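Counting from 1, the numbers follow the sequence of the chain as shown. For clarity, every value in this text was computed on a predicted model and none was experimentally measured.
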Amino acid sequence: MNSIELLVKQLNTGNDWLKMILGDFSDADLLARPAPGANHVLWQLGHLISGEVMMMNAVKPGAMPELPAGFVERFDKKNAGVDDTKQFGNIVSKQQLLDLKTKVRAATIAIVKSFKPEDLDKPSPEMMRSFCPTLADFLGLHSHHDMMHMGQFQVARRKLGKPVIF
């Protein structure tokens, strides 16, 4: 397995685990906040989707799928405290968000597959270079970002009384 194949495997695994962790969530469960003041699962999913599109477009402009009109704005940090699903537009069901996340992840994987292993030593996009100096660091960030939020989803699971998965 080369480094590109490893990145692809990590990206696929992260998306699969996310679906597994949220598998028994209802749409209403998406509003669970792991702790007071923490972001609810709905907002976090939108954040993961819009963040991945923005970051990957920095690597390959225009290569990512276009998000629904207003999606990025609705899942902006300023709306993290909003609990009214109407404020997030018409893409608020678990299935809609997971389908969009899968579509976005597939585009990310296609971009990763377009690189050669030696490309991974190149500098990352300027906006991320301070903590992701190379393209390898930057591309690996997406699976790490998913995992960070999945940790919060696990706490939301426990708060909702759902069975422990991991």
Side-chain angles (χ1 to χ4, degrees), residues 1-22 25 27 30 38-82 84-153:
M1 176 180 299
N2 67 35
S3 51
I4 297 294
E5 293 165 337
L6 177 60
L7 281 167
V8 168
K9 184 174 183 166
Q10 288 176 324
L11 289 165
N12 277 320
T13 299
N15 212 52
D16 291 344
W17 285 10
L18 188 137
K19 290 177 192 175
M20 183 174 51
I21 289 169
L22 297 177
F25 270 54
D27 291 346
L30 295 181
N39 301 326
H40 53 62
V41 175
L42 173 71
W43 183 86
Q44 290 184 67
L45 279 172
H47 161 75
L48 284 169
I49 293 164
S50 60
E52 188 164 335
V53 168
M54 182 265 305
M55 288 189 281
M56 291 307 294
N57 273 332
V59 173
K60 292 247 180 175
M64 295 300 286
E66 189 172 323
L67 295 174
F71 188 91
V72 172
E73 295 79 13
R74 288 191 295 273
F75 289 95
D76 185 76
K77 284 182 187 179
K78 70 180 185 283
N79 294 322
V82 172
D84 181 1
T85 58
K86 292 177 189 164
Q87 298 298 314
F88 293 99
N90 62 352
I91 297 188
V92 294
S93 78
K94 177 185 77 172
Q95 196 57 57
Q96 289 171 315
L97 288 163
L98 290 178
D99 288 349
L100 186 55
K101 177 82 169 80
T102 298
K103 180 179 178 181
V104 165
R105 183 51 53 93
T108 295
I109 288 170
I111 292 170
V112 171
K113 286 180 173 181
S114 75
F115 292 116
K116 296 180 179 105
E118 57 270 19
D119 292 331
L120 299 178
D121 291 325
K122 293 179 180 176
S124 72
E126 183 64 39
M127 65 184 201
M128 303 294 275
R129 206 168 290 158
S130 66
F131 60 95
C132 292
T134 67
L135 193 55
D137 298 316
F138 178 78
L139 297 172
L141 175 69
H142 297 291
S143 61
H144 301 317
H145 191 203
D146 286 350
M147 294 298 179
M148 180 199 66
H149 285 282
M150 280 187 255
Q152 297 176 59
F153 298 167

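The environment of Lys86 atom NZ is sparse: at most 12 non-hydrogen atoms of other residues, nucleotides or ligands sit within 6.0 angstrom. The environment of Glu66 atom CD is sparse: at most 12 non-hydrogen atoms of other residues, nucleotides or ligands sit within 6.0 angstrom. Taking a 6.0 Å sphere around NZ of Lys19, one finds it holds more than 12 heavy atoms contributed by other residues, nucleotides or ligands.
Within the 3.5 Å criterion, the main-chain N or O of Asn2 finds a donor-acceptor partner in the side chain of Glu5. Judged by distance alone, with hydrogens and angles left aside, the side-chain atoms of Gln96 form a donor-acceptor pair with the main-chain N or O of Ser93 at under 3.5 Å. Looking only at distances, a side-chain donor or acceptor of Asn79 sits under 3.5 Å from a matching main-chain atom of Glu73. Using a distance-only test at 3.5 Å, with no hydrogens or angles considered, no donor-acceptor pair links the side chain of Asn57 to the main chain of Met54. Put simply, the side chain of Lys94 gets close to the backbone of Leu22: a donor and an acceptor are under 3.5 Å apart. Checked by atom type and distance alone, the side chain of Thr13 never pairs as donor or acceptor with a backbone atom of Gln10 at under 3.5 Å.
Looking at Leu7, Leu11, Val104 one by one, the single match for side chain to side chain contact (heavy atoms under 4.5 Å, CB included) with Ile109 turns out to be Leu11.
Counting heavy atoms from C-beta outward, Phe153 and Leu18 have side chains that approach closer than 4.5 Å. Under the 4.5 Å side-chain criterion, counting only non-hydrogen atoms from C-beta, Met56 is in contact with Leu139.
Taking the six-membered ring where tryptophan is involved, the planes of Trp43 and His47 are essentially parallel, since the angle between them stays under 30° and well short of 60°. Note: Phe71 and Phe75 have tilted aromatic rings, judged against thresholds of 30 and 60 degrees for the angle between ring planes.
Looking only at atom types and distance, the side chain of Asp99 has no donor-acceptor partner in the side chain of Thr102 under 3.5 Å away.
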